[in-house]
Number of protein chains: 2
Amino acid sequence: MKLFAEKGYDSTSIADILQAAKVNSGSLYHHFDTKQGVLLAVLEAYRDGIESMLIAPAWKGVDDPIERLWALLERYRQLLKMTECAYGCPIGSLALEIHEPDPPVRTLLTANFDRWTDFIEECFKTTAKRFPKKTDFRSLARFVLTTMEGGVMLSRTYRTLDAFDSAVAELKNYISLLQQIAMNPKRKKRS
Amino acid sequence: MKLFAEKGYDSTSIADILQAAKVNSGSLYHHFDTKQGVLLAVLEAYRDGIESMLIAPAWKGVDDPIERLWALLERYRQLLKMTECAYGCPIGSLALEIHEPDPPVRTLLTANFDRWTDFIEECFKTTAKRFPKKTDFRSLARFVLTTMEGGVMLSRTYRTLDAFDSAVAELKNYISLLQQIAMNPKRKKRS
DNA sequence: GTCTATATACGGATAGAC
DNA sequence: GTCTATCCGTATATAGAC
């Protein structure tokens, strides 16, 4: 997980993995058929650990569902900051690096995105009353993911937190406006 | 440009380039010092051609500055659709693929993003009156880029246009809400 | 199940004739 | 400026002893 997140999939050699894990080639190939097998295992670990490794720590002590959105995004911000904007979302990096992913790889990438989106969608659904009636919470949850991934991409490229921060600020403003028009129904509804 | 867009940088071998260009190794290395030299030339070509190759075709026959936003995004949608969601934004792909870009590469990546953002920002500025007074148009323009890149990433991963389409729909809704509160100043301003 | 040694292929890059 | 031939490192993966 560490190597793929930091160096990417292609740039991580089997030799790198052996060295980091302090094992030898024979051991690795006893447990995994190919390098892609290692990738699949890593993606499964992310998928299975998303709640315990990512969501739970991010939401500890945060009860309001909408505040939980920002708490989760804050988590990514911290990772960016800690690494001087070198690493953001490991799943997103792999998703774009692997241009023609074999079906099992793609399935695991989407499974990761789906689970992430599930948690966000749940936040919206439990606060559905705060939003306009016709709000599509699935779409909105995916939009949070979109904003995070896009913001991470730009921040990694610029090596500055600005892009990520301003993306989150715009998203907050959007969510805030949605809540305002729900309280104060004025005219047009969501598309 | 074609190969890096389709296969990525690492996965494109010099041999691939030679075959596609129908030249031999000696010729290529007479004009470029290394493979990275080819990448730099490609990124320069994107940067220098952004107006003629991307913006001008997208905005042909579209006069309203805000409509131009959607026309540009539509351009990316077409590319996704044509390639069955395999290729989206070549700059974004390269930005995430190259984890530790050498300074010259990073400079050219950001130059590409900057120019893109410039065109969008200009759209907002010429319609400044439609938006709340304190709107940060640079931030908003970057947010359009963020949304596009994030949407492209998700659509490429899912191999479906849904993620891209819903991201654009949410963005449209946001821009629309901003214009509504500008016309109908109610309460809170932008952060 | 882990070790060492190695097969085999392909990568980027170079040499030197023309 | 382009050609052919090739160097040399490193990549993934395997073989077979222990």
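Here is how names work: the chains are called A, B, and so on, in the same order as the sequence lines, proteins then strands, and each is numbered from 1.
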Q: With a sphere of 6.0 Å drawn around CD of B/Glu84, does it hold more than 12 non-hydrogen atoms of other residues, nucleotides or ligands?
A: no
Q: How many whole angstroms separate atom NE2 of B/His31 from atom P of C/dG12?
A: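 Distance, rounded to whole Å: 19 Å.
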Q: Contact class for A/Ser11 vs. all strands (heavy atom < 4.0 Å): base, sugar-phosphate, or nothing?
A: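 Result for A/Ser11 = nothing.
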Q: Would you indicate which nucleotide in D/dT12, D/dT2, C/dA13 comes nearest to any side-chain atom of B/Ser27?
A: D/dT2
Q: State whether A/Tyr29 places a side-chain N or O below 4.0 Å from either non-bridging phosphate oxygen (OP1 or OP2) of D/dA13.
A: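 Yes.
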Q: What distance separates A/Leu3 CG from A/Ser11 OG, expressed to the nearest 0.5 Å?
A: 11.0 Å
Q: For the residue pair B/Lys2 and B/Tyr87, would you count it as a cation-pi contact if the rule is NZ or CZ under 6.0 angstrom from the ring centre and within 45 degrees of the ring axis?
A: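 Negative - B/Lys2 is either too far from the ring of B/Tyr87 or too far off its axis.
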Q: Report the distance from atom CG of A/Asp16 to atom P of D/dT10, rounded to the nearest whole Å.
A: 12 Å
Q: Without decimals, in angstroms, what is the distance between A/Leu28 CG and D/dA11 C1'?
A: 14 Å
Q: Between C/dT14 and B/Ser25, counting only base atoms on the nucleotide and side-chain atoms on the residue, is there a donor-acceptor pair under 3.5 Å?
A: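 Looking at the base of C/dT14, it does pair with a donor or acceptor on the side chain of B/Ser25 (distance under 3.5 Å).
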Q: Let me know the distance between CG of B/Asn24 and C1' of D/dT6, rounded to the nearest Å.
A: 14 Å
Q: Using the side-chain contact (heavy atoms from CB on, under 4.5 Å) rule, pick out the option among A/Leu154, A/Val152, A/Thr160 that qualifies with A/Arg156.
A: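 Only one of A/Leu154, A/Val152, A/Thr160 forms a side-chain contact (heavy atoms from CB on, under 4.5 Å) with A/Arg156, namely A/Val152.
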Q: Nearest whole angstrom, please: distance from the P of C/dT14 to the CZ of B/Phe32.
A: 15 Å
Q: Can you check whether A/His30 has a side-chain N or O nearer than 4.0 Å to OP1 or OP2 of D/dT14?
A: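 The answer is no; no side-chain N or O of A/His30 sits under 4.0 Å from OP1 or OP2.
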Q: What is the distance from CD1 of B/Ile14 to P of D/dC8, rounded to the nearest Å?
A: 19 Å
Q: For B/Leu18 and D/dA5, what is the distance between atoms CG and P respectively, to the nearest whole Å?
A: 15 Å
Q: Write down the distance between CG (B/Leu39) and C1' (C/dG11), rounded to a whole number of angstrom.
A: 17 Å
